[in-house]
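Heads up: the structure comes next, in structure tokens.
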Amino acid sequence: MDIDACLQQAGEFGPAQKRIYYLVNLMNVLAAMQTLAPAFISYEPEWTCSSQSPPEEQQTSLQRCTAFEEGHCRPHYLSGYTTVVTEWDLVCRWSYLPKISQSAYFVGMMFSCWSLGSLAERIGRKKVYFLSIGREWASVMAGWLLQCTS
């Protein structure tokens with residue numbers, strides 16, 4: 001049996017199939033936003049020491065980090081972007097923290113897939129799917145509320 005015969009027997013891709021397709025992929029849109037967000041919110045822009053003297057002197061990354069670690073300067077970011085790195089000065093020895101947060105997110109996804117897969121086998125995929133959508137929206141709304149109140 002060839003693929004055309006299978007599709008002929010299964011029927012057309014009608015409105016019901018399109019609705020199911022869009023509902024199933026709704027979760028993928030939310031997950032994509034959560035997955036790509038750290039690339040933008042944890043970007044480390046170029047920076048110099050604010051107490052650098054003379055200002056035109058080019059310092060190496062090691063010299064900047066040494067001055068920053070010893071408390072001789074504060075980072076002066078050369079771009080107008082505000083990220084978690086610029087908010088909390090996550091440079092030099094603290095530059096690993098944004099990377100750890102993204103790794104923790106993916107470890108959480110791994111355990112979530114494992115646990116929700118097991119749960120889906122017990123109570124059904126549809127219930128677990130809607131539970132996941134509800135949990136995702138609750139997390140988004142909690143983050144939004146925290147952002148609005150701070």
Side-chain angles (χ1 to χ4, degrees), residues 1-50 59-62 64-71 73-150:
M1 186 180 250
D2 62 345
I3 193 75
D4 291 328
C6 290
L7 290 176
Q8 189 86 17
Q9 188 175 3
E12 297 287 323
F13 193 74
Q17 287 82 8
K18 288 178 184 176
R19 185 174 49 246
I20 290 170
Y21 174 79
Y22 289 124
L23 282 174
V24 167
N25 284 307
L26 173 67
M27 193 66 149
N28 294 334
V29 171
L30 295 174
M33 286 186 230
Q34 294 289 348
T35 303
L36 292 175
F40 299 103
I41 63 175
S42 63
Y43 170 71
E44 182 180 338
E46 289 293 320
W47 63 281
T48 60
C49 283
S50 60
Q59 290 187 328
T60 65
S61 178
L62 180 62
R64 285 185 305 189
C65 285
T66 303
F68 174 69
E69 302 281 328
E70 293 174 353
C73 77
R74 299 271 309 148
H76 172 71
Y77 299 100
L78 302 177
S79 69
Y81 298 117
T82 301
T83 66
V84 294
V85 173
T86 61
E87 289 287 319
W88 295 321
D89 293 333
L90 299 177
V91 293
C92 298
R93 71 173 170 180
W94 303 110
S95 63
Y96 70 93
L97 288 175
K99 296 169 186 73
I100 291 289
S101 70
Q102 190 166 13
S103 296
Y105 170 75
F106 283 114
V107 168
M109 276 185 81
M110 180 182 67
F111 284 114
S112 179
C113 289
W114 174 75
S115 63
L116 290 177
S118 298
L119 188 62
E121 292 295 322
R122 280 188 229 127
I123 67 172
R125 291 185 182 131
K126 191 174 184 180
K127 290 177 184 175
V128 170
Y129 176 72
F130 285 114
L131 175 73
S132 297
I133 288 178
R135 189 184 63 193
E136 183 80 29
W137 278 106
S139 298
V140 168
M141 287 297 138
W144 179 75
L145 287 173
L146 287 173
Q147 180 68 28
C148 289
T149 57
S150 61

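Nothing fancy with the numbering, it's 1 onward along the sequence. These figures come from a predicted structure and were not determined experimentally.
Qualifying side chain to side chain contact (heavy atoms under 4.5 Å, CB included) partners for N25, counting only residues two or more places apart in sequence or in other chains: Y21, N28.
Rounding to the nearest 0.5 Å places CG of L97 at 7.5 Å from CD1 of I100. Rounding to the nearest 0.5 Å places CE of M141 at 7.5 Å from CG of L145. We find the CZ-OG distance between F106 and S101 to be 10.5 Å, quoted to the nearest 0.5 Å. Here the straight-line distance linking atom CE of M109 with atom CG of L116 works out to 10.5 Å at 0.5 Å rounding. The CZ atom of R125 sits 12.5 Å away from the CG atom of L119 when rounded to the nearest 0.5 Å. Between the CG atom in D89 and the CD atom in E44 there is a gap of 10.5 Å [rounded to 0.5 Å].
Among all heavy-atom pairs drawn from Y77 and V91, the shortest one is OH-CG1, 3.8 Å. Among all heavy-atom pairs drawn from V85 and P98, the shortest one is CG2-CG, 4.0 Å.
Listed by first then second residue, pairs satisfying side-chain hydrogen bond (donor to acceptor under 3.5 Å, both in side chains) with a partner in residues 108-119 read S112-R135, not counting sequence neighbours. Residues in residues 91-100 take part in these side-chain hydrogen bond (donor to acceptor under 3.5 Å, both in side chains) pairs, two or more places apart or across chains: E69-R93.
In this structure, M33 and T35 have side chains that are not in contact, with every pair of non-hydrogen atoms separated by 4.5 Å or more. Between I41 and T83, the closest side-chain pair of non-hydrogen atoms is not below 4.5 Å.
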request  = Begin with the C-alpha distance, continue with both residues' side-chain angles, and end with the deciding distance and a verdict on side chain to side chain contact (heavy atoms under 4.5 Å, CB included) for K18 and I20.
outcome  = CA-CA 5 Å; K18 288 178 184 176; I20 290 170; over 6 Å; no
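Taking the six-membered ring where tryptophan is involved, the planes of Y43 and Y81 are perpendicular, since the angle between them exceeds 60° and thus also 30°.
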